[in-house]
Amino acid sequence: MEKGEESLNSNGFQPNDETQEVLGRSSRTRAKKMTKLALKRAKDWRQRVQFLTDKILGLKSEEFVADVLDEKMVQMTPTDFCFVVKWVGQSSWQRALEVYEWLNLRNWYSPNARMLATILAVLGKANQEALAVEIFMRAEQSIGNTVQVYNSMMGVYARNGRFSRVQQLLELMHERGLEPDLVSFNTLINARLKSGPMTPNLAIELLDEVRSSGIQPDIITYNTLISACSRESNVEEAVKVFNDMESHRCQPDLWTYNAMISVFGRCGMDGEAARLFNELEANGFYPDAVTYNSLLHAFARQGNIEKVKEICEEMVNMGFGKDEMTYNTIIDMYGKQGQHDLALQVYNDMTSSGRSPDVITYTILIDSLGKDNKMAEASKVMSEMLNAGIKPTVRTYSALICGYAKPGKRVNAEDMFNCMVRSGIHPDHLAYTVMLDMNLRFGETKKAMLLYHDMVRNGFTPDLALYEFMLRSLGRANEEENIQIVIKDLKELGNLGPQSISSLLIKGECYDFAAKMLRLVIEEGSEFNHDDLLSILGSYSSSGKISEAIELLNFVKEHDSRSMSKKLITDASIIINCKAQNLKAALDEYCETGDSYTFSISVYESLIKCCEEAELFAEASQIFSDMRAKGVKPSQDICGIITVIYCKMGLPETAHYLIDQVEANGMLLGDISFHVSLIEAYGKLKIVEKAESVVATIEHRYGVVGRTAYNALIQAYALSGFYEKARSVFNTMMRNGPSPTVDTINNLMQALIVDGRLNELYVLIQELQDMGFKISKSSILLMLEAFAQAGNVFEVKKIYHGMRAAGYLPTMHLYRVIIGLLSRTKQVRDAEAMLSEMEEAGFKPDLSIWNSMLKLYTRIEDFKKTVHIYQRIQEAGLKPDLDTYNTLIIMYCRDRRPHESLLLVNEMKRLDLFPERDTYKSLIAAFCKELMLEQAEELFESLRSEGHNLDRSFYHLMMKLYRSSGNHSKAEKLIEKMKESGIEPSDATMHLLMTSYGTSGHPMEAEKVLNSLKSNGVNLSTLQYGSVIDAYLKSRDYDTGLLKLKEMIGEGLEPDHRIWTCFIRAASLCEYITEAKTLLNAVADAGFNLPIRFLTENSESLVLDLDLYLEQIETAEDKAALNFVNALEDLLWAFELRATASWVFQLAIKRSIYHNDIFRVADKDWGADFRKLSAGAALVGLTLWLDHMQDASLEGFPESPKSVVLITGKSDYNRVSLNSTVKTYLWEMGSPFLPCKTRTGILVAKAHSLRMWLKDSPFCLDLELKNRPSLPEMNSMQLIEGCFIRRGLVPAFKEINERLGPVNPRKFARLALLSNEKREKVIQADIEGRREKLAKLKNTAVTKRRNTKSFRMNKFVRVSGPAK
């Protein structure tokens, strides 16, 4: 476009010149018909002019033009000399001026208007305005007083945008009786367009001004206006001019189409540019290099690399080689995308193809490098430019200055600015603006003011935004004098009135000066802007200047009683409160005013913005509704804020409707960010169809979908797990642009994660790497978090080690995720190692990490380390949160320390923290285990009274407590409370009630509950009957139990596993074999003969039949298979069928009823976990485990660890304590197992002692489990004090425990094996020995106390006398 504009400026004075009409009208492809004589004459004068031009331009610097012209080598006419001046001026304006002066000194030459116009045009092109003015002023009146000369002089002024001078010349033409022609007006238009930015409707106003003079605008006029619109990227004005052109039947030419394509491209409307390109060809025009370059620029601006390559290829195929403009456009495109390597590659291609980089090329490179903070490379390009002999322009220097200013390199920017000035280049508006802005940001107000004065002297003034920043900086520096200077310049240079200056001062935070200007406006009686008043008052309010605010309000009230009213005072009060962040007071006053009152728009906007900042979205929405109901039209800014608020509230449909309404009323929200918010909101609600429709709207309205919109759509698909759709959008971005970002890739991965296709993540990453993408750290973290949430420790470790190998350093968040996963999966060593690594790397664990470690140690019941972690939390100065307290309470509950848990609950309440419901449940369960009835009842009743929503499980816990404590009446009352709370008792509830009666020895009460259920029409099952039967059997009322079995069968209920288990368990506790057989025969008569067969038969088919039966009940509820096998193991152990018990035990492991590692003897891993086993099953497992360990001790392999751990647990199983049973069995054998000091329910033995005992102890000589040849008459085991022990050991057990209390295993074994008489003597001797020892300890304590007093006296009292 610049070349076209130069043609206009240089030829506007001579409408018949051969190169005139470059912007339009004549065409190079259309030649006028000329006679042979005319052609010969044209050729002759051209030869003469060219001959003389070559001679003059061939002169050396010390030679003169007169040396050539005085020789009169050819015969020249005055017109010929005009062309000589013009042609010479294209290369050297100095030589052209010499020719002009030489002619004026000759007597035979008569000066003419055409020659004067020619030299003025030459000087104008060379920016020699002062010389042109001098020649114009000294020209004779008869010569200079022509339209042609005035047009040339106007062209000189127009070139530098001096619109006022052009207007003066136009007025002078009118005064001297000259009528301006179309060239005059075209020059005037050109000057106005170069003098400053276009105002709305300026182009149409200029066209109307031309028509008002009786002249119709021509194609040059329209092209000049459209070119200006293209320079300013003003598509609205360009479309108006183009439509006016068509309505006045002025046919567009190629230049017009080129300019329109350019303006569409500059405004990002590449679709419109492409449409116009196609229309151009349809109208019979052939695109030229300018057309292709304009279209290329349109797509390059959008970063559409593929389309740019396609246009370049078509351009070359059409015979247009890539010129400087083409290369510059492509370099600029790559530079804006940050692909500087490609930009430099294009630059190298440009030089290698024979194209010489021009100043624009270097400026583009410098500008793009500077914007990317690569100033070293930018400086290198500047050096290459100077070495190439190309003189930098003001834009080049400005680009470097901007590049240095961006990272704050003030010294470098100042050096470049000074260098520009020294080289004779006058700074432009951008250079002044950047330097002024930078000095202000660095607080160099003195330098800034010096620069400002220089800027004003050179005819530039800052824009209002910079003035605002200047005022803000000067105000902060308290430079009131300079503020006054700026205010004066705003009046004189900016032609601003007090009202406008007051508004600007408010924006610049100079509220005191703004108040003074506002007072001037009010004193003059002018209407003032109420919003300005409210802003000043708001500033005073927020800064605590309440008295100044009241004084200003009173001043306004006194001087403007007409406009001052209650409304303004109310509005001002609300806005003051909003500015002071006193939102509650503002909302209260707003609500108290009433519905009949209509506030100003500033009040509504202030309230809405404050509510948005405070995240009071519902209140903001209500205020917006009130605003619209009162007929107050919201601003574009408020509509945008409310749209975002609706999206945050999860109301995208309402936001969508608002956007449609706003745009239907002709108001555009400005950018697509609000549409992106819509897409994101729809995505969160998983309404992907609406999200797709928003994207379609964006594409239809803007012609292109931006990167943020595509990313939002992919995110919406990801939240719904629609990977295929997300991948389709990704492919579209790869194909059509814009290129995907890290967010795009992360959203694509998120789609796979949400869809549960984690294994495909590796495939996706490989595909992305094949496409050339580098996988970012955030993408790897996303992948790691996905596997962490899935609990895949192996993949998380693999990704973590891969990150470390790739050089990615872990972050706090990464450690938080990994430690959280390791804690959930009970990977103790790995979690501790990760914590140590984290601390070594310099990270301090935050509360969430410590909470994860707390939960880990609580899960594995390592309570000592749990307390240690809590101590570290306190040492780090961290404040425990709800999660911390909940975990600690659960830890104390599991450690059977509910008192400490209750103290923590009270501490939480003091801190306004309230435990979770599950925490309360754990606390009640702990009270139940410790039979702390009063505390459990107190906590339970307090929860009910406080309105906690207690579910059925709480009532069941209390019922279990009442069952354990034998308070069956309270259990029955609890049923009534349960119903009062709206919770209907379930079958499990009634079962608990009945078992509570059974446990407390009241089977008849349990039967009453059963009868009550019958009378209420409840469909009974074996669960209820089983509870009653079990109650009778536990109280050893076997006859009634058998009677209830028959009654159940008689009522049509088929006995199932529950009934069989009850009878087998009762048989295992029968004292005599006859009682056990009676019970089991009754079971056989009821249709299940398997248990009695185990006592009476000895065949392999028993195990096979048991296997089939277990297969049938494995899927039944209530752990049917486990309970059945446990009861059967108790029966077989009790009646000494221990080989059979071993087979059953191994079958249970095979069927996964017992877990596979119930005991283990592996390399450095010996241990057992007998929890959930019955007493008989545990003794079977213990014997098998001891046998395996004995073999390993004898063979020396597998190697043992330092300590061997046996876990028995703390719970009772059917009133039997597994811990007591196993301890008694081991104590009787004299084993080295001892109770763990830190945790109950665990026995620990030193491996060396254990191996020696297994090798040498007589109790371990034969650990093989065998069946007794015949069934014993009596049960070999007896249940005493919750301990299932050998019947023969019961007297010794009672005597030892009652008289000596807990003793070590070896001592217990020795005492148990003694006869009654010897045991009595040993026990008596032990008791007397203890008494003597206690008495001796008391005497020793008294002696020590006396010695201590003596020591103190000797130490602190000085004794007189000679030293010994």
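Not measured: the values here are computed from a predicted model.
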Sequence neighbours left out, what passes salt bridge (Lys or Arg N to Asp or Glu O under 4.0 Å) with E479? Give chain and number order.
none

S368 and D332: side-chain donor and acceptor closer than 3.5 Å?
no

Counting only heavy atoms not in K374, do more than 12 fall under 6.0 Å of its NZ?
yes

List in chain and number order the residues that pass ring-ring contact (aromatic ring centres under 6.0 Å, His included) with F460, two or more places apart in sequence or in another chain; answer none if no residue qualifies.
Y432

So, K777 side chain and L809 main chain: donor-acceptor pair closer than 3.5 Å or not?
yes

Rounding to 0.5 Å, atoms CG (L440) and OG1 (T445) come to a distance of 8.0 Å

One should read off an interatomic distance between T396 OG1 and D367 CG, to the nearest 0.5 angstrom, of 10.0 Å

Inspect the contact between K609 and D637 and indicate whether a charged nitrogen and a carboxylate oxygen are less than 4.0 angstrom apart.
yes

Residues at least two apart in sequence or cross-chain that pass side-chain hydrogen bond (donor to acceptor under 3.5 Å, both in side chains) with E237, listed by chain then number, are none

Would you please name every residue forming a salt bridge (Lys or Arg N to Asp or Glu O under 4.0 Å) with E134, sequence neighbours left out?
R138

Mind checking side-chain hydrogen bond (donor to acceptor under 3.5 Å, both in side chains) for S606 and listing every partner two or more places apart, or none if nothing turns up?
none

Under 4.5 Å between any side-chain heavy atoms of M333 and H297, yes or no?
no

Beyond-backbone contact of Y404 with V411, side-chain heavy atoms, under 4.5 angstrom:
no

Let's go through T361 and E324 carefully: what are the C-alpha distance in whole Å and the side-chain angles of both, what is the deciding distance for side-chain hydrogen bond (donor to acceptor under 3.5 Å, both in side chains) to 0.1 Å, and is it a yes or a no?
CA-CA 8 Å; T361 313; E324 286 79 3; over 6 Å; no

Are side-chain heavy atoms of R165 and M153 found at a separation under 4.5 Å?
no

Within the structure provided, determine whether P462 and T433 are in side-chain contact (heavy-atom separation under 4.5 Å).
no

In plain terms, say whether E468 and R472 are close enough for a salt bridge, that is, a side-chain N and a carboxylate O under 4.0 Å apart.
yes

Could you tell me which residues satisfy side-chain contact (heavy atoms from CB on, under 4.5 Å) with Q302, sequence neighbours excluded, listed by chain and number?
D270, V704

Can you name the side-chain hydrogen bond (donor to acceptor under 3.5 Å, both in side chains) partners of T461, sequence neighbours left out?
none

Do we get R422 above F417's six-membered ring, with its NZ or CZ under 6.0 Å from the centre and within 45° of the axis?
no

Could I get the full list of ring-ring contact (aromatic ring centres under 6.0 Å, His included) partners for Y604, not counting sequence neighbours?
F599

Do M375 and L400 touch side chain to side chain, with heavy atoms closer than 4.5 Å?
yes

Does atom CD (E384) have a neighbourhood of more than 12 heavy atoms from anything else shown, all under 6.0 Å?
yes

So CG of L436 and CE of M449: to nearest 0.5 Å the spacing works out to 8.5 Å

Gap between atom OG of S500 and atom CG of L464 - 0.5 Å precision
8.5 Å

If you draw a 6.0 Å radius around NE2 in H453, do more than 12 non-hydrogen atoms from other residues or ligands fall strictly inside?
yes

Restricting to pairs with a member in residues 450-462, which pass salt bridge (charged side-chain N to carboxylate O under 4.0 Å, His left out), not counting sequence neighbours?
D454-R457

Set of side-chain hydrogen bond (donor to acceptor under 3.5 Å, both in side chains) partners for N711, sequence neighbours left out:
T741, T744

Between R355 and T351, is there a side-chain heavy-atom distance shorter than 4.5 Å?
no

For V456, side-chain contact (heavy atoms from CB on, under 4.5 Å) partners two or more places apart:
Y452, L493

Do other residues, nucleotides or ligands put more than 12 heavy atoms under 6.0 Å from the CD atom of E236?
no

Any heavy-atom pair between the side chains of M416 and Y397 that's under 4.5 Å?
yes

Spacing of E444 atom CD and S473 atom OG [to the nearest 0.5 Å]:
12.0 Å

Around K371, counting heavy atoms of other residues, nucleotides and ligands shown, do more than 12 lie under 6.0 Å from its NZ?
no

To check you understand the geometry: which heavy-atom pair defines the closest contact between L430 and S398, and what is its length?
CD2-CB, 3.9 Å

Output all residues satisfying salt bridge (Lys or Arg N to Asp or Glu O under 4.0 Å) with D358, sequence neighbours left out; order by chain, then residue number.
none

